[in-house]
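To start, the structure itself, in structure tokens.
In the text below, chain A, chain B and the rest are named by the order of the sequence lines, each starting its count at 1. The structure displayed is predicted, hence computed values, not measured ones.
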Amino acid sequence: MIIQKPKGTYDLLPEKAFSRVYAESKIREIFDLFNYREIRTPTFEYTLLFKRSIGENTDIVSKEMFTFNNSQYSLKPEMTAPVIRAYLENGLYNQSPLIKLYYISNMYRYERPQAGRFREFSQFGAEAIGSSEPFIDAEMIVLAAFILSEFQIRNYKIKLNNIGTPDERKKYLEKLFNYLNKFKNDLSGDSKKRLQKNPLRILDSKMTEDRKIIENAPRLYDYLEQSTIKNFEQVQSLLSGLGISYEIDYFLVRGLDYYTSTTFEIVSDELGAQDAIFGGGRYDLLTKQLGGKPTPAIGFACGFERFFSLMEKYEYCIPEENKCILYIVTSGNKASVFALNLIYELRKSGFKCEMDYLNRSIKSQMKEANKINAAYTAVIGNNELDSGKILMKKMSDGNQTEININNINNFLINENKTGKTG
RNA sequence: GCGAGCAUAGCUUAGUAGGCAGAGCGUCAGAUUGUGGCUCUGAAGGUCACGGGUUCGAUCCCCGUUGCUCGCCCCA
């Protein structure tokens with residue numbers, strides 16, 4: 001092999017591709033059940049869109065974007081900004097005050113790959129645009145939990161926080177900065193840099209030297225307005241009422257600038273270092289930031305590869321692929337021509353069937369039929385062409401039934417009725 | 001961007017205190033006339049990741065490169 005796939009990408013071979021498509025369709029059904037409708041946006045956008053929304057100082061924008069054509073365009077690193085862009089550009093707010101959308105799409109981030117992290121990866125997610133009511137916060141989290149439970153994924157943790165409004169954060173940031181500044185020499189190298197740029201993010205640090213300092217840091221929660229706290233409490237009581245268990249993580253900070261108020265993350269300790277499967281929260285100011293009217297909104301995204309690896313860990317059972325109902329074994333050129341036409345007719349009638357295209361021996365063809373798990377085989381050679389009769393061999397027990405070739409359609413219809421063969 | 005480990009057939013891997021490269025699975029074919037699974041037989045398939053060095057001789061030792069994996073940062 002001379003040319004390999006680019007770093008951080010992967011090929012989905014038929015078996016896995018089938019499982020993925022199955023999972024996708026099931027996810028679509030769940031979104032539909034919750035009355036979310038699909039939106040698809042371009043693979044790339046103007047780079048400016050991401051700079052304005054995600055934030056110029058975030059890791060995603062500052063070092064992880066696949067950017068091209070003199071930085072004019074970027075492959076999308078996440079979906080919220082494109083969805084809001086499309087929402088505004090197409091005037092979806094004119095359709096209804098609350099728009100509920102979902103997506104399943106590839107994303108691109110130029111990072112070092114590791115377990116659960118790719119440069120081209122897939123996310124599915126939901127965005128509910130137009131409501132600031134805690135009900136929609138609760139629905140969003142229930143939806144995520146429901147998807148997990150429908151795929152029999154267990155042992156996950158829902159982490160919940162409220163990071164307030166920029167005004168609330170501003171007051172807090174001063175306090176936080178003063179506190180952290182006292183320990184400035186003990187902070188990790190990265191956190192020293194963040195102290196000036198974005199001290200809030202230090203709270204998210206996993207470095208042990210930082211953790212100790214963070215433990216006693218002032219909490220943003222104590223600087224939130226009464227209305228924010230009330231809202232947060234409502235979200236919590238709604239979740240409890242729905243039987244959703246969660247834990248408050250006062251230091252949960254999301255790495256994208258547009259988040260406000262409710263934020264949440266769902267983690268699993270079955271995933272290795274990259275343990276977050278779902279991430280989401282409110283972004284009440286984003287619509288205005290992108291030039292629209294102020295419109296509250298909330299959403300989440302789920303990393304499909306991580307989700308999928310959990311499906312595998314919990315041994316979620318993917319239904320089997322459809323098997324061929326009939327494999328036609330041919331002997332001789334005339335028979336092949338006949339079979340080619342026959343299976344085309346059968347396929348037009350909806351029967352999945354197959355024949356040999358390699359001029360192989362009858363034995364080899366039988367082996368092939370067995371390998372692909374065909375329910376029936378029928379040998380066609382000069383004898384059959386002359387007599388017009390064939391033996392339908394049931395592969396599960398080896399019994400053969402003689403029928404007229406003209407009756408093959410009816411025979412297969414009856415077999416389909418008597419249960420799934422093969 | 002930083003750190004660690006790994007690299008032998010399509011897959012899983014064995015291997016030599018440096019001396020012509022092995023297995024299992026898979027693939028393909030055959031085991032007397034036109035019938036699969038089990039069994040048996042056989043075949044194809046490797047520049048032992050790439051480049052340099054040491055050596056009479058390197059898959060093995062040394063250096064470099066690339067790739068993969070895992071971790072840090074950050075995120076899904």
Give me the distance, rounded to whole Å, that separates [N] from [M] when you measure between the [atom1] atoms they each carry.
{"N": "B:G10", "M": "B:A44", "atom1": "P", "answer": "15 Å"}
{"N": "B:C70", "M": "B:U12", "atom1": "P", "answer": "14 Å"}
{"N": "B:U8", "M": "B:G45", "atom1": "C1'", "answer": "14 Å"}
{"N": "B:U47", "M": "B:G30", "atom1": "P", "answer": "28 Å"}
{"N": "B:U59", "M": "B:G52", "atom1": "P", "answer": "13 Å"}
{"N": "B:U69", "M": "B:U13", "atom1": "P", "answer": "15 Å"}
{"N": "B:C60", "M": "B:A7", "atom1": "C1'", "answer": "14 Å"}
{"N": "B:G46", "M": "B:C61", "atom1": "P", "answer": "24 Å"}

At less than 4.0 Å, is any side-chain N or O atom of [X] found next to OP1 or OP2 of [N]? Yes or no.
{"X": "A:K63", "N": "B:G1", "result": "no"}
{"X": "A:Q114", "N": "B:G71", "result": "yes"}
{"X": "A:S361", "N": "B:G30", "result": "yes"}

Grab the CE-C1' distance between A:M311 and B:A76 for me, whole Å please.
16 Å
Hey, is the main chain of A:S122 close enough, under 3.5 Å, to the side chain of A:E305 for a donor-acceptor pair?
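Indeed, once roles are kept as given, a pair shorter than 3.5 Å links the two residues.
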Looking only at side chains, do [X] and [Y] share a donor and an acceptor under 3.5 Å apart?
{"X": "A:Y223", "Y": "A:E174", "result": "no"}
{"X": "A:D397", "Y": "A:N399", "result": "yes"}
{"X": "A:S53", "Y": "A:Q289", "result": "no"}

Letter per nucleotide, 5' to 3', of nucleotides 33-41 of chain B [B base touched, S only sugar-phosphate touched, - untouched; heavy atoms, 4.0 Å]:
-BBBB----
Given that A:R360 and A:A115 both sit by RNA chain B, which one's nearest nucleotide is further toward the 5' end?
A:R360
Which residue lies more 5' along RNA chain B, comparing A:L256 with A:G8 via nearest heavy atoms:
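That would be A:G8.
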For the atom pair OG1 (A:T401) and NZ (A:K394), what is the distance rounded to the nearest 0.5 Å?
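It is 8.5 Å, given to the nearest 0.5 Å.
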How long is the straight-line distance from CG of A:D275 back to CZ of A:R306, given to the nearest 0.5 Å?
8.0 Å
I'd like to know if A:R109 reaches the base of B:A76 with its side chain, counting only an N/O donor and acceptor under 3.5 Å.
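A donor-acceptor contact between them is present.
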Between B:C73, B:A76, B:G71, which nucleotide has the shortest distance from any of its atoms to the side chain of A:Q123?
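Ranking B:C73, B:A76, B:G71 by closest atom to the A:Q123 side chain puts B:A76 first.
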Think A:R119 forms a cation-pi with A:Y110, using NZ or CZ under 6.0 Å from the six-ring centre and within 45 degrees of its axis?
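Relative to the ring axis of A:Y110, which defines the angle, A:R119 lies inside both limits.
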